[in-house]
Amino acid sequence: MALMTRRGAGSAGGGPRSRSQGVHARALASRVCASGARTAMASARVRAAGALARSAFSRYGHFSANGRRSLSASAALLARTHVNYEVKDNVAVIRINDPTSKVNTLTRQLQDDMMEVLNEVWGNSAVKSAVIISTKPGCFIAGANIDMIKVCKSAEEVSKLSKEGQMMFEKIEKSPIPFVAAVNGTCMGGGLEFAIACHYRVATKSKKTVMALPEVMLGLLPGAGGTQRMPKMLGLPTAFDVMLTGRSIRADKAKKMGLVHHVIDPLGPGVKDPEERLIEYLEEVAVGVAKGLAKKTVTVEKKKGLMQKVQDAVLGIPLVRNQVYKTVTQKVMKQTKGLYPAPLSIIEAVQAGVEKGPAEGYHVEAVNFGKLAMTPESRALIGLYQGQVACKKNNFGKPEREVKSLAVLGAGLMGAGIAQVTVDKGVATILKDTTTEGLARGHDQVYKGLNDKAKKKSITTFERDMTLSFLTGQLDYSGFEKVDMVIEAVFEDLSIKHKVLKEVEAVIPPHCIFASNTSALPIREIAAASKRPEKVIGMHYFSPVDKMQLLEIITTDKTSKDTTASAVAVGLKQGKVIIVVGDGPGFYTTRCLAPTLAEAIRILQEGVGPKKLDSLTTGFGFPVGVSALLDEVGVDVAAHVAEDLGKAFGSRFGGGNVDVLKTMTQKGFKGRKSGKGCYVYGAKKKDKQVNSGTEEILKAFKLTAPPAVSGDEDVQYPAGGDIGAVFGLGFPPCLGGPFRFLDSFGADKLVQKMKRYEDAYGNQFTPCQLLLDYAKDPSKKFHK
């Protein structure tokens, strides 16, 4: 991708092989982030990723990290371990269960077993219909396997995998006997493509039952017939929505859409395990449906309503279909700005099938699947996914005792958010504040978050109220003698944090862990006031807590391994993606973000307006413009962090004048929370205008941009640190994170660019030795 750029990056570093290298790595990531921001800020022609930058990688459960590359049936007859069957009243009940994994995935072994069973079923004249069901709790088929793609050396090899998957599912679709897919649990990617190749689908209304085609989030497309069957099943508009967003669909919604024919409710408690009994019940229902299909007493075709008939009639007009393709393409380009090729390839494959017939559609799907798998965008997104999987494991072992009760200090935006994600997992939580008003506001925030889920039918109102019952609001420390962990979310002031730490330690039990939700204050300085520093740790959440996936855990040289293990366990229970970093000014994420914001202030001082600055940074791939991000973070918070990091790093922490932020704060321009910052915010979310008051302040601090680094030039831009930057800071997912970006861009090119900025701005852009070493040896890469 060619970008028009004007600035490069700041200081750089390498991997965490030693303390010094860890510092260098943080510096590198921060400067690559800052570089990306400045590159985008100063550009006049940029392309980016908008909606997809909010990557919901949590939907990628359909890919596993251990598998083999071929979907084709092996010629060798292997002992069946993944698939077995029995015949019940002329119905073949085919059961899937991968004994080597927690989830079923379309590995070669499973495929071989399945084809062997299918051939036996088709060869048995007594079998009149069949049921496909998984006996693995919470999982039907979670999809294909990433490693099958990763080992391929060419687009043609990947396309061959796609064609093999297409052929297998086509055999089921054209089977002489009807097939019923009985779905319980995860049904994603290739798993959903398997299900829709069957003639009838029954699903449980279990919370674990979700369906999706999330390949687009990995830079791919549904490659086993999904792009061809979905439009026929759901219609063009809905099919595009499902495939282009990769969104998860619950059973009830799937039935309304026409994705499944019948849903059943989970059974209540009984003699058997609820999940085991649910699978048995699902099988009973599915067998009944299969009998009905064979006897023609159950029909597959669903009666269409008037609106559906009208839509089908309208979409039967070529001119209307062309307008649909055009509109969808325009929306994709507006959201992704062309940085993600997968959505456009999906549209192309769908259009080919609808307009030129199934043969051409399947061909285009397979070819595009192969091409996409070889793109740097797909490699970057897959790298991020695998990094995320790694960050969802507790590498510090099992804690000595489980955190069953927790307390949160401070009922502000962050404290209430932490309380919400904790009670949501059934953990008894105390929310303490110093005022009745603050406590009421925090309680209302938790209620609103849960009520929004109820409105969206994600939970029932009974479940909302049940969850809320785990929350206790109070103004004193009563009950703290029984809690297992305390998370403080008070103001970013060391003296205040010392005060609450001493108060807490006077009432909590010896085993209780104290965690600080600070974004910049060194944990060792907070722990200095503790009688038990081994129980003190940092847990840096991101706002809004209920939506942001990342949790940054910070340890000191005195933090015990069990404390770390407990903090990670709590974070995982809260559903977070976790990175564990060492203590230091700004830790990892703030250390990356702060130089970016500092450079943004300098650029604003140099005359670039907030709207243009935001246009350029979103154009590079950030989901939020940097001026808007400053308002979201809080101008006062940014000023506080800038001062602290300036003291820590001296001239190495450069950028704009911190007095700009201080003046804005003095005038009440603190960002969105005060209604004014770089922008003035109206009642509606998107209603904002540039703040003329901020413009006057910028004029008072106006700078002249150095000509040597202020021109436009063409540069070719091609994932724990990458995960932190993408999930915590919004670094463009299509670039895979700052370290993967550096591997692609080239350390030598970055060093050359940094030296230009060093000449213009000073030593905050001086490359560190580790980066210089990487620049000298092109074979050195952060990602092997």
Side-chain angles (χ1 to χ4, degrees), residues 57-74 78-84 94-118 132-152 157-158 160-169 172 181-198 203 208-226 246 248 279 369 373 378 381-390 392-393:
F57 286 99
S58 61
R59 301 174 185 167
Y60 304 156
H62 66 298
F63 285 104
S64 151
N66 56 353
R68 281 175 268 181
R69 57 175 288 226
S70 177
L71 280 171
S72 64
S74 170
L78 303 176
R80 290 203 296 260
T81 56
H82 292 52
V83 183
N84 62 71
I94 303 171
R95 302 186 181 96
I96 304 168
N97 189 1
D98 182 348
T100 65
S101 174
K102 291 182 179 179
V103 296
N104 296 322
T105 55
L106 294 174
T107 59
R108 180 174 181 178
Q109 181 67 57
L110 191 147
Q111 288 298 116
D112 288 344
D113 287 1
M114 180 61 72
M115 285 308 303
E116 186 179 332
V117 166
L118 289 175
I132 304 283
I133 191 170
S134 165
T135 57
K136 189 174 291 294
C139 180
F140 176 65
I141 299 176
N145 188 294
I146 281 181
D147 287 345
M148 295 189 302
I149 298 171
K150 289 185 69 176
V151 299
C152 292
E157 285 186 67
V158 183
K160 184 180 178 183
L161 293 180
S162 175
K163 290 175 183 177
E164 290 169 351
Q166 289 175 354
M167 287 191 299
M168 175 181 174
F169 295 155
I172 294 172
V183 178
N184 177 59
T186 306
C187 178
M188 293 188 175
L192 183 53
E193 290 181 285
F194 196 156
I196 64 175
C198 296
K208 296 178 181 178
T209 301
V210 287
M211 304 174 192
L213 290 176
E215 289 87 347
V216 68
M217 312 302 287
L218 295 179
L220 300 168
L221 56 69
S248 295
I279 294 172
F369 188 75
S378 180
L381 291 168
I382 288 173
L384 279 176
Y385 160 72
Q386 293 181 318
Q388 184 191 10
V389 170
K392 285 189 173 183
K393 297 177 181 178

Holding to side-chain hydrogen bond (donor to acceptor under 3.5 Å, both in side chains), I want the full list of residues that pass it with Asp98, two or more places apart in sequence or in another chain.
His82, Thr100
Considering all heavy atoms, the nearest Thr209-Ala203 contact
CG2-CB, 4.4 Å
Residues 189-196, side-chain donor-acceptor partners within the protein, below 3.5 Å, at least two apart:
| residue | atom | partner | partner atom | Å |
| --- | --- | --- | --- | --- |
| Glu193 | OE2 | Ala224 | N | 2.8 |
| Glu193 | OE2 | Gly225 | N | 3.3 |
| Glu193 | OE2 | Gly226 | N | 2.7 |

Out of curiosity, Met148 CE to Thr107 OG1, how far, rounded to the nearest 0.5 Å?
8.0 Å
Can you tell me how far the CD1 atom of Ile172 sits from the CD1 atom of Ile132, to the nearest 0.5 Å?
5.5 Å
Asn184 and Phe140: CA distance, side-chain angles, deciding distance, side chain to side chain contact (heavy atoms under 4.5 Å, CB included) verdict:
CA-CA 6 Å; Asn184 177 59; Phe140 176 65; over 6 Å; no
Where is the tightest heavy-atom contact between Pro99 and Asn97, given as atom of each residue plus distance?
CD-O, 3.2 Å
Check: Ser134/Asn104 side-chain N/O donor and acceptor closer than 3.5 Å
yes
Can you see which heavy atom on Gly223 is nearest to which on Phe369, and at what distance?
CA-CD1, 3.9 Å
For Arg95 and Ile133, what are the C-alpha separation, side-chain angles and deciding distance, and is it a side chain to side chain contact (heavy atoms under 4.5 Å, CB included)?
CA-CA 5 Å; Arg95 302 186 181 96; Ile133 191 170; 3.9 Å; yes
Verify side chain to side chain contact (heavy atoms under 4.5 Å, CB included) between Asp113 and Gln109, making sure each step is shown before the conclusion.
CA-CA 6 Å; Asp113 287 1; Gln109 181 67 57; 2.8 Å; yes
Sub-4.5 Å side-chain heavy-atom contact between Ile149 and Leu220
yes
Leu381 side chain near Met217 side chain, heavy-atom distance below 4.5 Å:
no
To the nearest 0.5 Å, what is the distance between NZ (Lys136) and CD1 (Ile279)?
10.0 Å
NZ of Lys102 to SG of Cys139, rounded to nearest 0.5 Å, is 12.5 Å
Within a strict 4.5 Å, meaning less than it, do heavy atoms of the Lys160 and Lys163 side chains meet?
no
Flag, side chain of Thr105 to backbone of Gly143, donor-acceptor distance under 3.5 Å
no
Option passing side chain to side chain contact (heavy atoms under 4.5 Å, CB included) with Val117 (candidates Ile96, Ile94, Asn84)
Ile94
Specify the closest pair of heavy atoms between Val216 and Gly246, including all atoms of both residues, with the distance to one decimal.
CG1-N, 4.0 Å
Spacing of CD belonging to Glu164 relative to CZ belonging to Arg108, to within rounding of 0.5 Å
9.0 Å
Compare all side-chain heavy atoms of Asn145 with those of Leu106 and state whether any distance is below 4.5 angstrom.
no
Sorted by chain and number, sequence neighbours left out, side-chain contact (heavy atoms from CB on, under 4.5 Å) with Lys150 holds for Ile146, Asp147, Arg379, Ile382, Gln386
Taking atom CE of Met188 and atom CE of Met211, what is their separation to the nearest 0.5 Å?
10.5 Å
